[in-house]
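Because the structure is a prediction, the values reported are computed rather than measured.
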Amino acid sequence: MSRRKALRLGGLALPVIAAPTALTGCGTAAGAGGDGVLRVAQPTDPTTLDPHKQGDMVSMNVLINIFDTLTTRDARGRLAARLATSWEPRSRTVWRFRLRRGVRFHNGEEFDADAVKFSIERVLDPKTRSPIVELRYVTSVRVVDRHTVDVRTTLHDPILPAKLSLFGGVIVPPKYLADVGDAAFAKRPVGTGPFVFQSFRRDRELRLRANRRHFHGSPGADRLVFRALPNPASALAALQSDEVDLVTGLTPDAARQLSGYAGVELESHRGVRTAYLNLDTTSGPLRDRRVRQALNHAVDVPLLIKAVLDGKAREVPAMLPRGVVGFDGSVEPFRRSVRTARRLLAEAGHPHGLTTTLTASNDDAQVAEAISGLLDRAGIRARVDLLDPGTFSARLTSDNRHALGPIYLAASTAWTLDGASMVQSNVRHDRRQSRWVSKEADRLIDAEELSMDPEDRQRAFTALQRLIKREAPFVPLYQQDIILARTTRVRWTPVVNGSLAMESAEVEA
């Protein structure tokens, strides 16, 4: 029986997955761990080492160790000081940041207000072609004095400090960049972070060493090595053979393969990365709200979580995950009912069901096939179109909003821990990934993005979640746990936003 049939039949019962034979070896490979080296496996290499020219978590996971941001998230997910020690709104369009003193870049260049001005304005400069969208309301940065800056915006941005805790807040050295140029900077990046860049061999490894002069003190590892291991079986084999210490980005399916192995610890931590189906409400059958509601009734998310995700996820009612500002627990998810889905389809003029396409990345093949099976039970025949991750990402961020077909499976990380970052690109009609035209949704997006009053923001978020539930422009799915596999020589707890900030990791020599 094919895997797709196994997912379609028998209540989504998954076939038994045998552990790869490579995992049975327990020998120590050349260059194995010890002497304070922490070796981390990710699915892919970073796309670039220029922090202002990337917008993906895999790249950021490396770069957050080389560079510092103005603000950060602490172990409990709270917004905390980093290169900025304090911040306050000076007016509706000005945020003032006071900066840490005595910090230097890895090359000795001084960190100061000029570096902040240069870095933020570099992100905004069209010549940089930065994919970072969080600073859309920022117009400029004014140097108040050597350790104070005012960030000016066109409109009030209530969560600007949170937006500067990762992608939008990375600070780079102006003089070094001017001396070497963008291309050389991307080959040998210089930051202020807890680790210093050493070397990068694409498809092999990226090596960093501890910055003993970091303002937070020396990190727990003497050296940090990132390896790209796109095949989960290979990554797990490398862990078992002592070639890596920590495997990240694991799917529940891959994690199951390591259960019970001596010397390997599996961990699951609450995360905010949220999966959903984006529906093209502008054309075809999905223009009808009843069809979109039928999809929501048909996709049995609790069953999907149990059968495919090994229970390592939580259902999301209306796009916003638990744990972010704006989430409203009073908004209930759709009642899962094949009968209701079929009735709505018939009312919409599809008594015999309909045929459509569900596009997904190869990385999400198992989930996509399972969703297709669930839809099929309600008469929605969704052919799964799988793309390699690079092609999927390129189409997702292109100007063609129909490039991924009528339905596509995607996931977003609300890394600011604010609901705005979850919906910013795919709700308001004029945003990059939006396929929904709703004046009410646009109004609510403006209200939650621009209001200075936290209670007003929450009311807007609540109304938006109720509107999404009623109009069903998406099929919200789940927020997945952060799943790690590690050797017993490593101790590390990830932040809820999922970034691999490794300075707090403890490594036994």
Side-chain angles (χ1 to χ4, degrees), residues 33 37-44 46 56-69 71-80 82 162 165-167 169-170 193-195 206 208 210 214 216 219-221 224-229 232 235-236 238-239 244-252 254-255 258 264-275 309-314 316 321-324 363 411-418 421-422 478-508:
V37 180
L38 174 59
R39 301 149 310 159
V40 179
Q42 285 203 101
T44 62
D56 63 281
M57 282 302 297
V58 169
S59 299
M60 198 68 221
N61 283 340
V62 171
L63 296 170
I64 198 62
N65 294 284
I66 303 172
F67 296 90
D68 283 310
T69 46
T71 62
T72 190
R73 291 286 175 181
D74 66 16
R76 297 176 61 184
R78 299 170 302 189
L79 194 64
R82 193 71 177 182
S165 67
L166 210 60
F167 293 94
V170 175
F195 291 91
L206 188 150
L208 311 176
H214 193 259
H216 273 182
L224 178 60
V225 178
F226 285 94
R227 291 187 60 189
L229 296 173
L236 299 178
L239 182 73
V244 298
D245 304 298
L246 180 69
V247 177
T248 65
L250 282 174
T251 64
L258 265 189
V264 174
E265 299 286 342
L266 289 175
E267 294 183 354
S268 181
H269 302 267
R270 294 298 192 190
V272 292
R273 183 169 176 78
T274 301
L309 301 176
D310 199 28
K312 293 180 172 60
R314 290 176 289 171
V316 171
R322 292 164 181 80
V324 304
D363 291 342
S412 295
T413 298
W415 58 266
T416 63
L417 301 190
D418 189 283
S421 63
M422 184 64 213
Y478 52 81
Q479 57 189 102
Q480 189 166 332
D481 291 353
I482 301 167
I483 306 172
L484 309 173
R486 60 174 177 80
T487 63
T488 54
R489 65 185 292 270
V490 177
R491 293 289 184 274
W492 177 69
T493 301
V495 180
V496 69
N497 65 16
S499 65
L500 300 185
M502 304 307 301
E503 66 178 306
S504 63
E506 298 178 4
V507 186
E508 293 181 6

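L500 has its side chain within reach of F226: a pair of non-hydrogen atoms, C-beta onward, lies under 4.5 Å apart. Contact annotation: the side chain of T274 approaches that of M422 to within less than 4.5 Å [non-hydrogen atoms, C-beta and beyond]. Residues Q479 and V316 have side chains in contact (heavy-atom distance under 4.5 Å, counting atoms from C-beta outward). Side-chain contact between L484 and L266 is absent, with no heavy-atom pair separated by less than 4.5 Å. Side-chain atoms of M60 and F167, non-hydrogen and from C-beta on, do get closer than 4.5 Å to each other. A 4.5 Å side-chain heavy-atom check between V244 and V40 finds every atom pair outside the cut-off. Contact check for D481 versus R270: side-chain heavy atoms found under the 4.5 Å cut-off. Considering only heavy atoms from C-beta on, P194 comes within 4.5 Å of D68 through its side chain.
With 3.5 Å as the limit, one finds no donor-acceptor pair spanning the side chains of T69 and R82. The closest side-chain donor-acceptor pair between D418 and S421, if any, does not fall under 3.5 angstrom.
When every heavy atom of V272 is checked against every heavy atom of P321, the shortest pair comes out as O-CG, 3.8 Å.
D245 and R486 are not joined by a salt bridge, as no carboxylate oxygen comes within less than 4.0 angstrom of a charged side-chain nitrogen. Under the 4.0 Å criterion applied to side-chain N and carboxylate O atoms, K312 and E267 are not assigned as salt-bridge partners.
For T248 (side chain) and A41 (main-chain N/O), a donor-acceptor pair under 3.5 Å exists by modelled atom type. In this structure, the side chain of Q42 engages the main chain of V58 through a donor-acceptor pair within 3.5 Å. Side chain of T413 to main chain of W415: no donor-acceptor pair is present (N/O by atom type, distance under 3.5 Å, no hydrogens or angles). With hydrogens and angles ignored, the 3.5 Å screen pairs a side-chain donor or acceptor of T71 with a backbone N or O of S165. A distance-only check finds a donor-acceptor pair linking the side chain of N65 to the backbone of N61 [under 3.5 Å].
Distance CZ/F195 to CE/M502: 7.5 Å, rounded to 0.5 Å.
Scored by the ring pair (Phe, Tyr, Trp, His ring centres under 6.0 Å) test, H269 finds no partners at all (sequence neighbours excluded).
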